[in-house]
Participant: 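Please read through the structure below; I'll follow up with questions.
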Amino acid sequence: MSEAVLEVRDLRVSFAHPLGLVRAVDGVSFSLAPGERLGLAGESGCGKSTMALAILRMIRPPGRIDGGSVRLDGVELSVLNEEAMRRLRLAGIALVPQGSMNSLNPVMRIGAQIEDALADHGVSLSRTALAERIADLLETVGLRAGVAASYPHQLSGGMKQRACIAIAICLRPRVIIADEPTSALDVVVQRQVMETLARVQRDLGAAVILVGHDMGLMAQFVDRLGIMYAGRLVEVAPVGQMVTVPRHPYTRALISSLPSLEHRGGLQGIPGLAPLLRDLPSGCAFHPRCSLAGERCRIETPALRPMGGNAVAACHLAEPVA
Amino acid sequence: MSVLLRAEHAGKAYGPLTALRDVSLTLDQARPSITAVVGESGSGKTTLARILLGLEVPTTGRVLYHDADLRTLGAAARLAFRRDVQAIFQDPYEVYNPFYRVDHVLTTPVRKFRLAKSAAEARVLIETALRAVGLRPEEILGRFPHQLSGGQRQRIMVARALLLRPKLIVADEPVSMVDASLRATILGSLRSLHEELGINIVYITHDLATAYQISHNILVMYRAGVAEAGAVDGIVTRPEHPYTRLLIASIPRVSTERNWVSEAETAVAGSAAAGGCSFMGRCPVAMSECAEAVPPLFRTAADRAVACYHYRTAPELAAADLGTVLTGMHEAGSRAAAG
């Protein structure tokens, strides 16, 4: 068995809310192999972005990490002091946050922003070596070296997203977490950016966690896919298997909510509304929206069970595939 | 009079920059349709939407509402236009006044257009409209915009359009900020507005897949011009313009066939040839004549027009009016019945 680069065990995050405690991430466990591409998919509010932040210990009040363990190359992160954790962000695990292309500093040139990231992590280089390093990074993500002298507003959305990837990989991280990196881009540019991310990741040997809701993007990009619902993982499987034989009814609903280009008239949203995290239904949180739900689903919360072929699903009704 | 809105050679230039080049389009009240306008950022699709809504004045050509130029509408006609033609925008944050509760955007049209006789009747109208778009009225009414999610705010805008029973809704990227499941729900409610109330819908999007699912017709735009237009099935299954083919190939599919992330990375947009076809710089099948002049629309079938010299043997689209290649609801219905 290969050693996992990232091991998440029973991670829990909650937010204090006047109407009660909101459990945004409720006991999530998974591991990530070196170089692996893992997808985390689910509707808005399912906890996928919160989990990405929790891995990096970047949850701010009123949110808090209630427990669980995150290990990077066997090192437990929850016991690190704040300074060690700060160094590890970017250097060990790099986050490309949601909407990151709009979080570039508008009054700093791209080169200076990369320089900042390097300096902040103790990389001191001569002016020429630094300029070379920045030019290399920009070329790696498919930008001209001259982009270093540009301000963000002079770049297109795709170019800004590439600049964010350049910052994310500047310290050769072991894990890149990309939270909806292409959601604001049109399809042609999205494909170009994802191709660049794939190449960069392969060259670095880094593992990737891709957070998003586009099942098409997941099917084409990741090796393994986790589906989140109401703060929990409800199915994890190799992506090919997930696409051919989804075990959880929610996974099937997510797949069929994606507009197809093969046949028309199949466009259907998932019935009902995503549950309120502070007021979750009893039993299986999906049961009010599930057409198959029975008595047991209303009472007993299903745990993840093996479904054959490296797949697990948390559904009382799912049958393992031989 | 069945012509609701007609754009005649409408174009828009901002100084030296051409945002929209010569689009003619007729939207017919007697045969309402859902027409998707698909293109990347900067293709001119939002400019077209804003011109149809009367929010931008075209610098060339004109827009007619019931045969009257939008620029010279009288007060009564303008009020009718404002009721008949409704907009749904991409970012539903900017349409709310942050100091008002969200109820304000719903009660204002009810009051202004006298949709209800009493406060109780108004309340029922508003709650019904909210439920129709999948919202729980008790979670929405009385809240301020910042207390709601983008998806909720957007669905309130669809509910608002629903209240007014307009004849045309121009929806500019209405679902680009919500997730896939909500996207299907919101588009589903737009589609039922069209089917149940016979509302024309112009759906501006960069997502060809959702356009395919809900529209009868598609206009594919590229750098200020129409690249290809016509009935949705033909365009998605047999795209003619090289840009349409690139668009379709770029959509990630839910499939075990993995060819989307290719080793040879997709070509980045080249610069446009001045005076020629704007797609030439990245076109795999460009010819020397593509550099000479902007290609006109060639009518390659009754329900298709394409701006590409590879189809120059087909006749040019008469009057260049895209309305003539668009399929309406009734034709679509009778065609389905015949087929």
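So you know, we letter chains A, B, ... as the sequences are listed, proteins then strands, and number each from 1. All heavy atoms count here, side chains included; hydrogens, waters and symmetry mates do not.
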Participant: Counting only non-hydrogen atoms closer than 4.5 Å, can you tell me which residues of residues 233-244 of chain A sit against chain B?
Facilitator: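 When heavy atoms of chain B are the reference, residues 233-244 of chain A contributes A/Val239, A/Gly240, A/Val243, A/Thr244 within the under-4.5 Å range.
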Participant: Looking at chain B, which one of A/Ala219, A/Ala253, A/Gly212 has the largest number of heavy-atom pairs inside 4.5 Å, strictly under?
Facilitator: A/Ala219
Participant: Determine yes or no for a side-chain-to-main-chain donor-acceptor pair under 3.5 angstrom, with B/Trp260 supplying the side chain and B/Ser250 the backbone.
Facilitator: yes
Participant: For chain A, which candidate among B/Arg253, B/Arg136, B/His206, B/Glu257 shows the most heavy-atom pairs at distances under 4.5 Å?
Facilitator: B/Arg253
Participant: Would A/Arg191 and A/Asp186 pass as an ion pair if we require N to O under 4.0 Å?
Facilitator: no
Participant: Could you give me the CA-CA distance, side-chain angles and deciding distance for A/Arg37 and A/Gln201, then say whether side-chain hydrogen bond (donor to acceptor under 3.5 Å, both in side chains) is met?
Facilitator: CA-CA 9 Å; A/Arg37 297 184 198 156; A/Gln201 174 238 350; 2.9 Å; yes
Participant: Check this for me, if you would: do A/Arg289 and A/Glu43 make a salt bridge, where the nitrogen-to-carboxylate-oxygen distance has to be below 4.0 angstrom?
Facilitator: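 Result for this pair is yes, salt bridge flagged.
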Participant: Of the backbone (N, CA, C, O) and the side chain (C-beta and beyond), which part of B/Glu139 lies under 4.5 Å from a heavy atom of chain A, both, or neither?
Facilitator: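 For B/Glu139, the contact with chain A is made by the side chain alone.
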Participant: Pick one of side chain, backbone, both or neither for A/Leu254, based on which atoms fall under 4.5 Å of a heavy atom in chain B.
Facilitator: neither
Participant: Answer with side chain, backbone, both or neither: which region of A/Leu185 has an atom nearer than 4.5 Å to a non-hydrogen atom of chain B?
Facilitator: backbone
Participant: Please rank A/Ser156, A/Gly42, A/Ser44 by heavy-atom pairs under 4.5 Å with chain B and give me the top one.
Facilitator: A/Ser44
Participant: Is B/Lys45 salt-bridged to B/Glu40, going by a charged N under 4.0 Å from an acidic O?
Facilitator: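 B/Glu40 and B/Lys45: not salt-bridged.
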Participant: Do side-chain atoms of A/Glu36 reach the backbone of A/Ala33 as a donor and acceptor pair under 3.5 angstrom?
Facilitator: yes
Participant: Is any side-chain heavy atom of A/Leu277 closer than 4.5 Å to a side-chain heavy atom of A/Phe15?
Facilitator: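 Of all side-chain heavy-atom pairs linking A/Phe15 with A/Leu277, none is under 4.5 Å.
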Participant: Got a sec, which residues hit ring-ring contact (aromatic ring centres under 6.0 Å, His included) with A/Tyr229, two or more places apart in sequence or on another chain?
Facilitator: A/Tyr250, A/Phe286
Participant: Would you find a donor on one side and an acceptor on the other, under 3.5 Å apart, between the side chain of B/His241 and the backbone of B/Ala307?
Facilitator: yes
Participant: Under a 4.5 Å heavy-atom cut-off, does chain A meet the side chain of B/Ser43, its backbone, both or neither?
Facilitator: neither
Participant: If you count heavy-atom pairs under 4.5 Å with chain B, which of A/Gln190, A/Met218, A/Met194 comes out on top?
Facilitator: A/Gln190
Participant: Between B/Thr210 and B/Arg183, does any side-chain donor sit less than 3.5 Å from a side-chain acceptor?
Facilitator: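 No, B/Arg183 and B/Thr210 have no side-chain donor paired with an acceptor closer than 3.5 Å.
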Participant: For chain A, find which of B/Leu187, B/Leu135, B/Ile251 contributes the most heavy-atom pairs closer than 4.5 angstrom.
Facilitator: B/Ile251
Participant: Counting only N and O atoms by type, is there a donor-acceptor contact under 3.5 Å from the side chain of B/Arg223 to the main-chain atoms of B/Phe279?
Facilitator: no
Participant: Among B/Ser255, B/Gly188, B/Gly42, B/Ser41, which residue has the highest count of heavy-atom pairs closer than 4.5 Å to chain A?
Facilitator: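 Counting heavy-atom pairs under 4.5 Å, the top option is B/Ser255.
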